[in-house]
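All remarks here apply to the structure that follows.
The structure presented is a predicted model; accordingly, all values stated were derived computationally and were not measured.
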Amino acid sequence: MADFSRQETADRAGVPLDEVSQLVELGILAPAEGDRFTVGDVRRIAVVKTLQHGGMPVDGLAALMRSRDASLDFLDSPMYARFSALSSVTFRELSNETGVPVDLLMVIREAVGSATPQPDDLVREDELEVVPFLEVHMAQGMNPHATERLLRVMGDSLRRVAEQQADWWQSEVALPLFQKGAKGGELGDLTREFGEDVNPKYQRAFEAIQHAQEGRTWTANILTGIEMAMTQAGLYTRQDHPPAMCFFDITGYTRLTQERGDEAAAALATTFSRMVQRTSSQYAGRAVKWLGDGVMFYFTDPGPGVVAALEMLEGAADAGLPPAHVGLHAGPVLFQEGDYFGQTVNLAARIAEYARPGEVLVSQAVVDAAEGTPTSFTEIGPVELKGVTEATRLHVARRG
């Protein structure tokens with residue numbers, strides 16, 4: 001059903017009005033009679049915006065859609081309600097209305113694995129579903145730190161489920177279809193019935209967080225599929241000087257903070273957060289999000305990223321934390337709402353899982369881009385990584 005005007009569609013997607021008009025002119029959006037748009041159109045704008053941030057040409061996507069080698073029609077399905085639109089209220093305004101501290105409200109977005117918002121950012125509609133749950137906690141005088149931990153555990157657990165679903169879908173459903181000759185535009189129709197059958201139901205707060213997790217990982221698969229289709233069609237070229245993604249994991253960090261009590265845990269978390277934020281910023285990077293026992297980083301240059309990882313490894317040891325292990329990979333990434341997606345991110349995570357405690361492990365792409373930095377690399381040979389079809393050349397990084 002076409003429910004929104006052009007301006008309402010732009011507002012819900014968080015884009016300027018002229019961007020909606022551009023997508024209409026390119027044929028990516030097709031408004032109904034009276035210039036009305038659907039919730040599926042809002043989701044399509046979000047996907048296109050992510051592709052643009054990742055360096056893909058929007059006119060190339062339009063050409064791919066005209067040839068039916070790619071399609072976003074499947075986003076009209078109700079199952080994609082997980083791709084939430086923006087509301088009209090900010091975190092600060094919502095805090096004033098409900099009495100829930102703004103820092104706790106912003107944890108809702110952090111709990112699902114997205115980048116930390118600012119108080120004046122708009123709240124997503126799915127995040128509003130969690131607020132009554134928090135209001136009950138505040139009304140009962142519960143410890144906000146305990147509520148925050150509960151939110152983070154809910155988010156982290158569902159993230160693991162959602163990522164496993166996405167990995168399975170990519171390797172067992174999407175990739176086999178591509179290998180059999182299916183075009184990108186056919187994937188939505190070929191998988192629609194299956195996807196609608198597995199749509200679960202949960203309680204409101206639980207469902208809102210789960211849907212946000214699934215929306216994030218499904219977005220990654222959608223964008224990866226479109227990236228593959230556009231590369232096959234010659235409409236997209238990978239960057240010559242790609243950025244690097246880094247995963248910094250401390251095994252047992254969550255358990256350690258829980259064992260030390262609220263105040264000690266908060267002090268340890270603050271010390272660790274300041275250290276990683278300061279070090280990553282010093283080397284042209286940033287902490288994108290917290291993931292249970294670790295942090296995901298983005299670095300504009302792989303070389304300084306390796307130096308930063310080595311310093312953070314030392315800093316964690318100095319702070320009395322358990323040994324950390326780090327993985328880095330360089331390549332093109334896709335950006336949406338402060339988060340990064342794509343094959344580069346997935347491979348960096350796999351490398352971090354393979355790294356041993358006290359080790360910074362990097363791919364050959366990082367070594368190639370790190371020439372001239374004060375580091376040395378020792379190759380450990382081609383390695384079979386979980387979920388990666390081909391062996392990956394890995395190197396241990398050290399100061400040098």
Side-chain angles (χ1 to χ4, degrees), residues 1-88 121-122 124-125 174 178 182-192 215-216 218-239 332-342:
M1 180 181 295
D3 294 325
F4 311 120
S5 68
R6 186 168 298 208
Q7 183 62 63
E8 290 170 333
T9 302
D11 292 341
R12 290 174 65 83
V15 300
L17 180 61
D18 59 358
E19 288 193 23
V20 177
S21 300
Q22 180 192 22
L23 296 182
V24 172
E25 292 174 5
L26 289 171
I28 294 175
L29 299 181
E33 183 178 353
D35 200 38
R36 306 295 290 181
F37 296 80
T38 68
V39 66
D41 290 322
V42 176
R43 298 167 191 160
R44 276 183 275 277
I45 293 170
V47 171
V48 172
K49 183 170 67 171
T50 303
L51 291 169
Q52 288 179 294
H53 279 302
M56 294 188 188
V58 68
D59 53 347
L61 174 62
L64 205 63
M65 293 177 65
R66 286 194 296 269
S67 66
R68 300 303 296 172
D69 286 330
S71 173
L72 299 178
D73 291 346
F74 61 90
L75 290 171
D76 288 311
S77 171
M79 65 180 289
Y80 286 95
R82 290 161 173 76
F83 290 52
S84 183
L86 294 173
S87 72
S88 59
D121 286 347
L122 292 174
R124 292 198 300 251
E125 289 184 341
F178 271 115
K183 300 294 184 180
E186 300 171 334
L187 283 181
D189 290 335
L190 291 173
T191 61
R192 186 189 303 270
R216 183 180 65 84
W218 292 5
T219 296
N221 281 337
I222 292 169
L223 300 180
T224 299
I226 292 176
E227 176 186 356
M228 294 169 63
M230 293 186 72
T231 300
Q232 291 171 353
L235 298 171
Y236 173 64
T237 303
R238 294 184 180 275
Q239 302 172 37
V333 293
L334 300 168
F335 180 84
Q336 182 182 34
E337 296 182 356
D339 202 353
Y340 295 89
F341 304 95

Checklist outcome for this item: Output for pair (R43 CZ, T38 OG1), nearest 0.5 Å, gives 8.0 Å
Checklist entry - Atom CD1 of I222 and atom CG of L75: how far apart are they, to the nearest 0.5 Å? => result 5.0 Å
Checklist entry - Looking at side-chain heavy atoms only, is the closest gap between L23 and V58 below 4.5 Å? => result yes
Next on the checklist: Ignoring hydrogens, what is the shortest heavy-atom contact between L26 and R66? Give both atom names and the distance.
Outcome noted: O-NH1, 3.6 Å
Next on the checklist: Between V47 and I226, is there a side-chain heavy-atom distance shorter than 4.5 Å?
Outcome noted: yes
Checklist entry - How many angstroms lie between CG in D41 and CD1 in I28, if you round to the nearest 0.5 Å? => result 11.5 Å
Checklist entry - Can you find a heavy atom in the side chain of V39 that is under 4.5 Å from one in the side chain of F4? => result yes
Checklist entry - If every non-hydrogen atom of R6 is compared with every non-hydrogen atom of S21, which pair is closest and at what distance? => result NH1-OG, 3.1 Å
Next on the checklist: Donor-acceptor pair, distance only, cut-off 3.5 Å: does the side chain of R124 make one with the backbone of S84?
Outcome noted: no
Checklist entry - Which distance, rounded to the nearest 0.5 Å, do you find between the CZ of R12 and the CD1 of I45? => result 10.5 Å
Next on the checklist: A side-chain contact here means heavy atoms from C-beta on lying under 4.5 Å apart; do L86 and D11 qualify?
Outcome noted: no
Checklist entry - When you look at D76 and R44, which way does the side-chain contact (heavy atoms from CB on, under 4.5 Å) test go after all the steps? => result CA-CA 9 Å; D76 288 311; R44 276 183 275 277; 2.9 Å; yes
Checklist entry - What pair of heavy atoms forms the shortest contact from A229 to L64, and how long is it? => result CB-CD2, 3.9 Å
Checklist entry - Going from CD on Q22 to CG on L29, what distance comes out if it is rounded to the nearest 0.5 angstrom? => result 10.0 Å
Item to check | Which residues share a side chain to side chain contact (heavy atoms under 4.5 Å, CB included) with S5, sequence neighbours left out | outcome: Q7, E8, R36
Checklist outcome for this item: So CG of L51 and CG of L61: to nearest 0.5 Å the spacing works out to 6.0 Å
